[in-house]
Amino acid sequence: MREQLAFDYIHSQSTPACAYLYDLPHLQERAQRLHQALPPQCKLFYAIKANSDAPILDTLKNRLDGFEVASLGEIAKVRAVDHKAPIIFGGPGKTDAELEGALAQNVMLIHIESEHQLRRLDWIAGRRRQAARILLRVNPAGLPGDAQATLRMGGQATQFGIDEAQIPAMMELSLSLPNIKLEGLHIHSLSNNLNVADHLVLVRHYLELAQAWQERYRVRFSWLNVGGGIGVNYSDPAAQFSWESFCRGLSELLAQHRPDFKLIFECGRYISADCGCYVSEVIDVKTTHGKNFAILRGGSHHFRLPASWQHNHPFTVFRREDWRYPFARPGVSDAEVTICGELCTPKDTLARDVYVAQLRAGDCLVFTLAGAYGWHISHHDFLSHPHPERHYLRS
C-alpha cells in the first residue's frame, strides 16, 4: 500500500516531488499487533517525540495504553486529540509552568529527574491542593553485559535521571513530602537497541533494582517504566528487532521474578518508523573529483535523521520516464552515488557512496522507515526552502 501511495504521488506531480507519505492503516495494525503481543502485566505507551502529528496520535489513541510526552506543548498535542488518554511526562528540564500544566491536564505520572525538580513539584502541587503522582528516574551505576545502542542516557554521566547512589535519599524525601505520591521508578538507559537478548538482560537489571529498593523501603510500587530504546535497523531493513521473541522472553522473565508492579514500555521509533516514507525528486546528477552526486529537491532540513545519526538511509529509486528538457538527461548507471540535499552545506547528505543500477535527474527517491524522527527533528526553515507536502493515507 505504501509503495502504491508513493507511485501515485510521484506520477501526479508536475513540479519537483517532495513529500512525506504516512500509511495510517499500517500504523494502526502495527500498534495493535505490538500491544497484543506483550504480557498482560505490561503497558505500551507511544513516545510522541518520534512523530507528534495529529493524524498519527489520532490513529494510535485507544490502540495503545497512552502517550509519553516531554513538554507541555506535547501534552497539548495529546489533549487536542484525546482529552482523557493516560499521559506520562519525562524530560530533564521541566519548568514550573510545565509541572503546573501537567497537573492541570491530569497527567498520569511525572518522571522526576532531580531533587530540585521534586521539591518544585511538591511546592506547586501544594499550592494547587493536588497530589502529584511520580516515578523517580534512575541513572544506574552501570549497565549489565555488553549492552550496545546508538545513544546512552544512563549507566554513565549524562544529564538524565538521578544517580543511583542518590536514590536512597530521594526515596526517603519522596515519601516525606506531603503533596507527592511515589508510584515507582523510571529507568531508561539506552536508545535504538537492536539485540533482543541484550534488551532482556537490561529489563532484568531494572526489575532487580526496583524489587531491591521496594523491599528495602517497604513500599509498594505500582509501576516500573523501563523506557523505550528498542531500535530500528536502518542499515539492514530486513533484519529488525524481533518483538515476538522479546515478548516471549519477557513473559519468562516476569514468571521468574514475579514483580507486584506493572511495567511500562514507552516506544516511539519502533512503533511509527515503518508507517512513513519521505519522497524527494532528483534535481541534478553530477561527478566531482571522481565521485558521483545526486542533488535532491529536499534534504536534511526535511529529513535530518540520516545526517544526525550518520548512517546511509535506505531508499528505493522510482523511475520517471518523462523528461521536459530539449537536452541530455544527466545520470549514472551501475555506479556508486552520494545522495545530497539542496542546502549550502556538505553535511546535507542522506546516503553516501551507495550503489545504484541507474539514477537520473527527474527520478524520485523514496526513503523508507521515515515515519519517526524525520520531519519532527529537522531544521525546517534553514535557507527558507518550501516545506514538503505531508499526506496521510487513511484507507
How far apart are the C-alpha atoms of Ile88 and Glu266, what are their side-chain angles, what is the distance that settles it, and do they pass the side-chain contact (heavy atoms from CB on, under 4.5 Å) test?
CA-CA 9 Å; Ile88 54 180; Glu266 48 176 54; 3.6 Å; yes

Is the closest basic N to carboxylate O distance between [X] and [Y] below 4.0 Å?
X	Y	result
Arg119	Asp122	no
Arg220	Glu183	no
Asp348	Arg304	no
Glu336	Lys291	no
Glu29	Arg33	yes

More than 12 heavy atoms of other residues, nucleotides or ligands under 6.0 Å from [atom1] of [X]: is that the case?
X	atom1	value
Arg352	CZ	no
Tyr355	OH	yes
Lys262	NZ	no
Gln256	CD	yes

Distance from [X] atom [atom1] to [Y] atom [atom2], nearest 0.5 Å?
X	Y	atom1	atom2	answer
Ile295	Ser280	CD1	OG	10.5 Å
Leu250	Leu263	CG	CG	6.5 Å
Phe221	Leu182	CZ	CG	5.5 Å

side-chain contact (heavy atoms from CB on, under 4.5 Å) between Gln211 and Tyr206, worked out:
CA-CA 9 Å; Gln211 288 182 310; Tyr206 297 165; over 6 Å; no

Among Arg320, Arg329, Arg297, salt bridge (Lys or Arg N to Asp or Glu O under 4.0 Å) partner for Asp363
Arg329

Set of residues satisfying salt bridge (Lys or Arg N to Asp or Glu O under 4.0 Å) with respect to Lys49, sequence neighbours excluded
Glu68

[Y] ring center within less than 6.0 Å of [X] ring center:
X	Y	value
Phe45	Phe67	no
Trp375	His380	yes
His385	His301	yes
His313	Phe303	yes

Lys94 NZ/CZ over Phe89 ring centroid, <6.0 Å and within 45° of normal:
yes

Using a 6.0 Å distance limit plus a 45 degree cone around the ring axis, check whether Arg30 lies over the aromatic ring of Tyr270.
yes

Only pairs at least two apart or in different chains count here, so list each side-chain hydrogen bond (donor to acceptor under 3.5 Å, both in side chains) that has a residue in residues 227-240.
Tyr234-Arg269

Please evaluate residues Phe265 and Phe246 with respect to the criterion side-chain contact (heavy atoms from CB on, under 4.5 Å), reporting the C-alpha separation (whole Å), side-chain torsions for both, the decisive distance (0.1 Å), and the verdict.
CA-CA 12 Å; Phe265 290 85; Phe246 175 71; 3.7 Å; yes

Candidate pair Tyr392 and Tyr22, rule ring pair (Phe, Tyr, Trp, His ring centres under 6.0 Å), full reasoning
CA-CA 5 Å; Tyr392 303 89; Tyr22 299 103; 5.2 Å; yes

